[in-house]
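Model, not experiment: these values are computed from the prediction. In each ligand, atom 1 is the first atom listed, and ligand 1 is the first ligand listed. Sequential numbering from 1 along the given sequence is applied to the chain's residues.
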Amino acid sequence: MKQKKPWGGRFTKQTADSVESFTESISFDRRLYKYDIEGSVAHANMLAKCKLISEKEKDAIVKGLNEILKEISTGKFVFKEFLEDIHMNIESALIERIGEAGKKLHTARSRNDQVALDMRLWTREHVQLTIGLLNALQKELVKKGKKHFDLIMPGFTHFQHAQPVLLCHYLLAYVEMFERDKARLRDCFVRLNKSPLGACALAGTTLITDPRQTAKLLGFDGVCENSMDAVSDRDFCVEYAFCLSMIAMHLSRLCEEWIIWCNDEVKFIEISDAYCTGSSIMPQKKNPDVLELIRGKCGRVFGHLTSLLTLLKGLPLSYNRDMQEEKVAVFDAADTVQTSLSILAELVANTNFNGDRMMQACKKGFIDATALAEYLVKKGVPFRKAHEIVGNIVRECIKVQCRLMDLQLAGFKAFSSAIEKDVYKVLGVENCIKNYKSYGSTAPGFVKKRILYWDKKLV
Ligand code: ARG
C-alpha cells in the first residue's frame, strides 16, 4: 500500500503509476528547493506574527526547514516522485521530521501562490546572474579593445567592404548591445519583484494574514494587487525568456562573425587551441565549435520563448497545471544563455587579433571612396554629384587595377577639377580613420572617450 497523498482526502483510488510519472515535476523543479524553503521560512514567520501558529511551532518549522535545506544541498535528501513536486516533497519531509507543527505551514497558502513565489525568486536571482555574466563579457571586450586600440579593420555593410573602422569601435558595438540587454533585464526585474504570496489558491484567504510582511522579508518591492493575477501571471517568465533570446541573438551575431574571421581566407583572429576542437578524420583541422554551438543554441532559446507564449495563450484564469511546463522552458533558456555567456567571455580573452590581416583586407574594396566623396563635398560639390564622380573614378581604378591613392593628380582632374593635391590627405585607410568627425563615429578621439567611459562603468 502506497503512502497517502497530501491531497488524498477525497480520493477513493490510488493514482495510476502512469499518471504519477506523467504529472510529476520533481525531476526538474527540485532546483527550486532553496527558494521554496526561503519562502516557507518567511511564510512561517508571518503566520507566527499573525498568531496563526505559535512561536514554538514557528521555531520548529524553521529549524526543520533548515535541516532539510542542508540535506538537499549535500545531496542526502531522497526526492519522491510520488510526492509530485518540490513543494510537497519538502512539506512531507517537514511533517515527518517535526510532526503536528509541520502540518500548519500550509495555512493561508496554496501551491499556486507558492510556485508563483518560487519562480519569481528563482527568476529574480537569475536575472541578476545574467546581468553579471553580461558585465563580465563586456569587460573582456573592452580589455581587447584597449589592447588593440590602433588596429584598423574593414567595416562591412551587406558583408561587403564599406569603410574602415577601429577594431575597438567594432568591439564596443557589442558592448553597447550587451548594455541594452542589461537594461532590459533590470526593467524586467522591476515588474517581477512583487510577491504573489497571500493569493493562496486564487481568491485569497478568510484568515487574517499579512502578505506585506512576507513580501518585505523576501526583499520584494510590494505585493501583487490581484490574487487571481498573482497565481496565473507568468509574464515575468516570458519577459525573461525574451531578454535571454535577445542576448542569444546578439551572441549569435558575434559568433557568426568570428567563425568567418578565423577562416583561412580571412584570418582576422586566431583562437587559442584550448578553445577550439579538432576533426576525427582530418588531422589538420582546428574548428571554432564553441562559436558554432553558441550560434546553434540560439534556436533552443527562441524555441523556449515561443513555447512559453504558446503555453499561456489559451489559459483561462487563474492557475492551470499547464504552467508547470514553464519551468522546463525558462530553466533551459537561462542555462543555455548563461553557459554561452561565460564560455564566450573566456574565448574572447583567449583570442588574438591579426592587425596585419585586417590592414591587408582594408586595402581591397576602395574603402576610402566615401572619404573621397566627402572631400569633394568640402570643395563645394553637391553630394549626389560627388557620389557620381567617385563612382566613375572607382570604375577607372577597377579597369586599370589600382587603388584610389595610386592615381596621379591629373588622373583625378580628368574626373573633377575640384580635386587638388590635398586629396592624398584623405585617401588611404589611416587618413580615413583620422578624418572621422561625427559623434559616435569611429574617430579615435571618440572611441578613446568611450573606452574610458566603459572602463569606469563596468566594475
Ligand atoms: N508543480 C506545480 C507547478 O509547477 C505546482 C503547483 C501545483 N498546484 C496545483 N494546484 N496542482 O505548477
### Message
L344 and side chain to side chain contact (heavy atoms under 4.5 Å, CB included): which single residue from V290, L291, L133 fits?
### Response
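Output: one option passes, namely L291.
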### Message
As a test of understanding, state which of D233, V330, L305 forms a side chain to side chain contact (heavy atoms under 4.5 Å, CB included) with V238.
### Response
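Running side chain to side chain contact (heavy atoms under 4.5 Å, CB included) over D233, V330, L305 with V238 returns exactly one hit, L305.
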Around atom [atom1] of [X], are there more than 12 heavy atoms from other residues, nucleotides or ligands closer than 6.0 Å?
X: R450; atom1: CZ; result: yes
X: K267; atom1: NZ; result: yes
X: K216; atom1: NZ; result: no

Show which atoms of ligand 1 fall inside a sub-4.0 Å distance from at least one heavy-atom site of [X].
X: Q324; result: 1 (N), 2 (C), 3 (C), 4 (O), 12 (O)
X: H87; result: 5 (C)
X: S25; result: 1 (N)
X: D85; result: 1 (N), 2 (C), 5 (C)

Option whose closest heavy atom lies nearest to [atom], chosen from [options]:
atom: atom 4 (O) of ligand 1; options: E84, M323, K327, R321; answer: K327
atom: atom 11 (N) of ligand 1; options: M88, E24, R111; answer: R111
atom: atom 10 (N) of ligand 1; options: N112, I86, V115; answer: N112

### Task
Test side-chain contact (heavy atoms from CB on, under 4.5 Å) on S340 and R295 and set out the steps.
CA-CA 9 Å; S340 296; R295 185 179 58 182; over 6 Å; no
### Query
In terms of residue, atom name and distance, what is the protein heavy atom nearest to atom 7 (C) of ligand 1?
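In this structure, atom 7 (C) of ligand 1 has Y319 OH, 3.5 Å as its nearest protein heavy atom.
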